[in-house]
Structure formats: C-alpha cells, structure tokens
Amino acid sequence: MQSTEVARYHAMNPRDFEHAIAFLCERDGCSGVQVVGGAGDLGADVVATAPDGQRIVIQCKRYGPTTKVGSPDLQRFGGTCYSVHGAQIAAVVTTSVFTRPAAEYAGHHGIRLFDESALAAWATRTGPAPWMP
C-alpha cells in the first residue's frame with residue numbers, strides 16, 4: 001500500500017504535489033490552508049493553521065527515488081520558515097529521503113522531516129500528520 005501511495009505522488013508534477021499536501025492538511029483538520037509555492041515563495045509551499053491553532057509552514061520536495069533532500073535545501077527553508085513565514089511548526093515533506101546532514105540540520109532547528117515512508121503513512125492514515133507530536 002505504501003509503495004503504491006508514494007508512486008502516486010511521484011507521478012505528480014511539483015505543483016500538483018503541493019496541492020496534494022494541502023489536501024492532506026485540510027483532510028486532517030487544518031484551517032486556512034493555502035498553497036503558496038512557486039517562484040518567490042521563499043521556501044514555503046503550503047501554509048495552514050493546525051487543529052491546535054499553531055501556524056504550520058510546509059516545504060514540499062517532490063524528488064525522484066534517487067535524489068535525496070540535502071542540507072542546502074534545509075538551510076534555505078530554515079532561513080525563512082520562522083523569520084519570514086512565522087512558522088510555529090515547520091516541516092519538509094518529500095517523496096524521497098533526507099541526507100544525514102539534512103536530518104542533523106533539521107534536528108538542530110526544530111524542522112520536522114517527512115520522508116517517503118512518513119508521507120505514505122500520513123496519506124494512508126497509518127501515521128501522524130506533520131504537526132502531531
């Protein structure tokens with residue numbers, strides 16, 4: 001089930017992937033969900049208010065299975081998610097995986113990482129959403 005789920009996201013273009021993530025946020029109780037990705041987005045692709053009232057900012061990375069999300073990606077997002085976008089919860093969701101340096105950066109800066117397995121679990125309701133502890 002999970003590999004089928006991720007394959008569905010791999011088949012999307014990056015814009016459709018952002019809308020799919022926004023749909024999951026709405027499905028799971030977020031309000032004010034907006035897709036803001038595109039040129040000049042400064043790292044934010046989806047912004048929303050989580051069910052507990054916190055502002056969540058998500059960056060979406062629809063990468064192929066051989067492309068990992070690296071530390072430079074996380075550093076760019078980390079530089080804007082809190083200061084520019086006012087995130088209380090910051091997350092990066094990918095159809096791939098994260099490099100170790102990316103995971104270390106995220107850990108130091110409180111950015112939640114959702115790799116292909118976590119995305120599939122969220123999408124199939126067998127795992128938590130990015131704003132859940």
Side-chain angles (χ1 to χ4, degrees):
M1 177 71 165
Q2 289 195 349
S3 60
T4 305
E5 194 64 37
V6 173
R8 218 165 52 88
Y9 293 115
H10 279 293
M12 296 177 179
N13 67 42
R15 187 79 177 152
D16 288 341
F17 180 57
E18 292 169 1
H19 283 275
I21 296 305
F23 168 81
L24 292 176
C25 290
E26 287 180 345
R27 181 197 76 183
D28 292 345
C30 287
S31 60
V33 179
Q34 291 181 285
V35 176
V36 295
D41 64 17
L42 296 174
D45 293 319
V46 178
V47 295
T49 301
D52 67 0
Q54 293 191 85
R55 181 173 173 81
I56 181 166
V57 177
I58 300 174
Q59 184 175 61
C60 303
K61 292 289 184 189
R62 194 204 57 77
Y63 285 172
T66 59
T67 304
K68 295 180 178 181
V69 180
S71 184
D73 294 316
L74 269 291
Q75 290 172 31
R76 280 190 294 276
F77 182 58
T80 62
C81 62
Y82 298 111
S83 61
V84 174
H85 300 293
Q88 292 170 297
I89 299 171
V92 178
V93 178
T94 185
T95 51
S96 184
V97 294
F98 297 91
T99 64
R100 179 174 288 135
E104 289 171 357
Y105 179 90
H108 288 300
H109 295 277
I111 300 171
R112 299 179 185 191
L113 301 182
F114 265 55
D115 65 7
E116 60 185 353
S117 298
L119 169 59
W122 176 26
T124 58
R125 294 187 161 128
T126 58
W131 56 87
M132 295 177 173

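- Grouping the Ile, Leu, Val, Met, Phe, Trp and Tyr side chains by contacts below 4.5 angstrom, directly or via other members, places I89 with V93.
- R15 pairs by the salt bridge (Lys or Arg N to Asp or Glu O under 4.0 Å) definition with E18, not counting sequence neighbours.
- By the rule that hydrophobic residues join a cluster once side-chain heavy atoms approach within less than 4.5 Å of another member, I56 and V33 end up as members of one cluster.
- Residue pairs meeting the salt bridge (charged side-chain N to carboxylate O under 4.0 Å, His left out) criterion with at least one partner in residues 91-114, sequence neighbours excluded, do not occur; the list is empty.
- A side chain to side chain contact (heavy atoms under 4.5 Å, CB included) with I58 holds for exactly one of I21, V47, V36, V35; it is I21.
- Other members of the hydrophobic cluster containing V84, listed by chain and number, are L42; membership follows side-chain contacts under 4.5 Å among ILVMFWY residues, whether direct or relayed.
- Residues in residues 71-87 take part in these salt bridge (charged side-chain N to carboxylate O under 4.0 Å, His left out) pairs, two or more places apart or across chains: K61-D73, D73-R76.
- Sorted by first and then second residue, the ring pair (Phe, Tyr, Trp, His ring centres under 6.0 Å) pairs with a member in residues 17-55 read Y9-F17; sequence neighbours excluded.
- By the rule that hydrophobic residues join a cluster once side-chain heavy atoms approach within less than 4.5 Å of another member, F114 and M132 end up as members of one cluster.
- Take S96 and apply the side-chain hydrogen bond (donor to acceptor under 3.5 Å, both in side chains) test, not counting sequence neighbours, and it matches no residue.
- Evaluation of the side-chain hydrogen bond (donor to acceptor under 3.5 Å, both in side chains) rule for Q59 yields no partner, not counting sequence neighbours.
- Residues in residues 59-104 take part in no ring pair (Phe, Tyr, Trp, His ring centres under 6.0 Å) pair, two or more places apart or across chains.
- Shortest non-hydrogen contact noted between R62 and H10 is NH1-O, 3.2 Å.
- Atoms CG and CZ, from L119 and R8 in turn, are 9.0 Å apart once rounded to the nearest 0.5 Å.
- Nearest heavy-atom pair across C30 and P51 is SG-CD, 4.0 Å.
- Linking Ile, Leu, Val, Met, Phe, Trp and Tyr residues whenever their side-chain heavy atoms come within less than 4.5 Å places I111 and V57 in a single cluster.
- Sequence neighbours left out, not one pair with a member in residues 44-57 passes salt bridge (charged side-chain N to carboxylate O under 4.0 Å, His left out).
- In this structure the side chain of C60 reaches within 4.5 angstrom of the side chain of V46, judged on heavy atoms.
- The side-chain hydrogen bond (donor to acceptor under 3.5 Å, both in side chains) test applied to Q34 returns no partner, not counting sequence neighbours.
- The side-chain hydrogen bond (donor to acceptor under 3.5 Å, both in side chains) search around D28 returns W122, not counting sequence neighbours.
- P101 is linked by a side-chain contact (heavy atoms from CB on, under 4.5 Å) to S71, T99, counting only residues two or more places apart in sequence or in another chain.
- Put simply, L113 and V69 are part of the same group of oily side chains (I, L, V, M, F, W, Y) that touch within less than 4.5 Å, one to the next.
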